[in-house]
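Reckoned from all heavy atoms, side chains included, excluding hydrogens, waters and symmetry mates. Per chain, numbering begins at 1; letters A, B, ... match sequence-line order.
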Amino acid sequence: MNGSFDKLLVEMRRELGAAEAKGVDWDAVDAALFGRLERERRAERARFAPQHGRGVTISVVVLAAATVAAVLAGKARAPLSGDRAEWVESAGMLVAIEGDGPVLVDGSRAALGAGLKLGDVVETRASRATIERAGRLTMILEAGSRAAVTHVRGALIVALEQGAVEAQVVPVLAGEAFAVDIGSSRVAVHGTHLRVARDGDRVAVDLDEGVISVGEAPRIGSVLGTLVNAPAHVEFTATDALGTLTQTHDPAAIREAQVQSGAFTSPRSPLRKAESGSGSRASSAVASEARPEARSSPNVSAKAPSAVAEPSPVETIANAVRACMAARPHADNVTVVVSTTLHLELAGDGSVRTARFDPPVAPDVNSCAVASIYKPRFGHGGDIAIPIDFTN
Amino acid sequence: MSDEERLIAKASADDTAAFRELYNRHRGDVARLVYRMLGGRGDLDDVIQEVFVQVHKSLKDFRGQSKFSTWLHRVTVNVVLMHRRAARSRPVFADEPLGEAVMHGEDVPPDEDAERRERVRAFARLLGRLPDKKRIVFVLHELEGVAPGEIAKIVGAPVLTVRTRLFYARRELETMLSDEPSLAGLRLGFSKTPGVNGDA
């Protein structure tokens, strides 16, 4: 190494950040920090201790109600302080633990009912953790997984560091409701049931319902990647999602992944878990039975795995167009209403010959939707009109 | 038991006054480290706050097997990394102005002071371009003076890996110097083949 660089380092040791550290508004930091610690201390006191055996059912039901109240209260008081806004939206609540071993949040054992927030790292070992974001999504972190909560404002985003996450997401009309980051790649969800698993840099996504976008994680806004319609099994490499993405719509490939993923036990129905026996190992035995009911969460159509059928071409196209509209950047406080009709001219073999929006839509929506419009094959020829309404 | 050990023990037992004292002792060091690792003023206050929230949460797990400063560095590094991940989904303003609060004696000529401040800004920009893993070890070792063995504990990597990252971080920074006009002269100073970059 050389003297010039070392001299530069000497200067940087002295200068870089030294004045900024002194210039921190410590009064504001102190107030925000100790105010937050006090709030967390109060919340901690309100948390429930873990219950076992027959007591599980009742305690979880009570906790679910408590969390809804907590989330509502959190929304009502955010932003908190006058000069230093602090967003306290919850990432969700731990509502069920199946299997032996603890669920760790930031390295500490978490009890049922523990609230998750931005920055928390959730880790499962021999157990599976069910996390619910009231009214929005239910997520299972499978055994041997580790995920960090990286975004809670509006959409929930988790960075999957290892293992697999399965989620049932209540559809949103605009933007993304949930996303899983795997390295620099993102699987973004508008409303669906999916499972994302990683093994090193290899990523597998099983999509039962809805539409997802797969692409590079953006700094802001929606993922401008490949739209994938359910049912689908997608694989890619985390470092280059778009360059390595492969997808199949063969239901057999998806079913295989579902077996691996195990049960999707509805967190809203802990009774089911208790009924199946409090023993954790018993729960996987009811996997296939629990799954259809789990999907009947609000606003989400219920489908049994055996009923994973190709959605109708009309549905596929309408979903894709809405997803493209939802992916457009817009301010949170602006309501976007789009009402259009997609006129398709079909060839004799059922393929789409021409497509036209009336009234026209934005060019980027056109570009985004074009592949999805021309891909499906109808069972007939002729003309068809698909009304599409979108409101964020 | 040292004074600090007593303070840690009391703070981990939820003694707010002890925690506040611990915070007052270390907040300046944490602020400087966070600033260096963030590469700018950015969300400095928020990240400092988050570091101490994590310290408060995890203090009961601190067993004294490593130095408190090592443990605190580890917490800080983890929070910064988490923050940077989260920041990917938020807007980033290019060339965010760095603090102008660098104070110097009256006797420093204004032009020299301006040059020095520009060098600091430029160096921060270069640091920000280093990948996280390299930047962390570089900041900890070259700017904070933490030994590679301690860094290995902080980042959870073998010492050899830390040394390798340090080597490449330094080499990458050296290469990048020519991208910053205020530092390009230094690049010449240690380039073995002056003129390679067309700046002979």
*Asks:* Considering only heavy atoms, which portion of Leu33(B) lies under 4.5 Å from any heavy atom of chain A: side chain, backbone, both, or neither?
*Replies:* neither
*Asks:* Please state whether the side chain, the backbone, both or neither of Glu144(B) comes within less than 4.5 Å of a heavy atom of chain A.
*Replies:* neither
*Asks:* Just do the ring pair (Phe, Tyr, Trp, His ring centres under 6.0 Å) check on Phe68(B) and His26(B) with the steps written out, would you?
*Replies:* CA-CA 10 Å; Phe68(B) 180 71; His26(B) 294 280; 5.1 Å; yes
*Asks:* Regarding Arg36(A) and Glu50(B), does a basic nitrogen lie under 4.0 Å from an acidic carboxylate oxygen?
*Replies:* yes
*Asks:* Does Arg119(B) form a salt bridge (charged side-chain N to carboxylate O under 4.0 Å, His left out) with Glu180(B)? I'd like the steps, not just the answer.
*Replies:* CA-CA 9 Å; Arg119(B) 278 199 301 277; Glu180(B) 291 287 350; over 6 Å; no
*Asks:* Spell out, as yes or no, whether a donor-acceptor pair under 3.5 Å connects the side chain of Arg198(A) to the backbone of Leu160(A).
*Replies:* yes
*Asks:* Between Val10(A) and chain B, with a heavy-atom cut-off of 4.5 Å, which part of the residue counts as in contact: side chain, backbone, both or neither?
*Replies:* neither
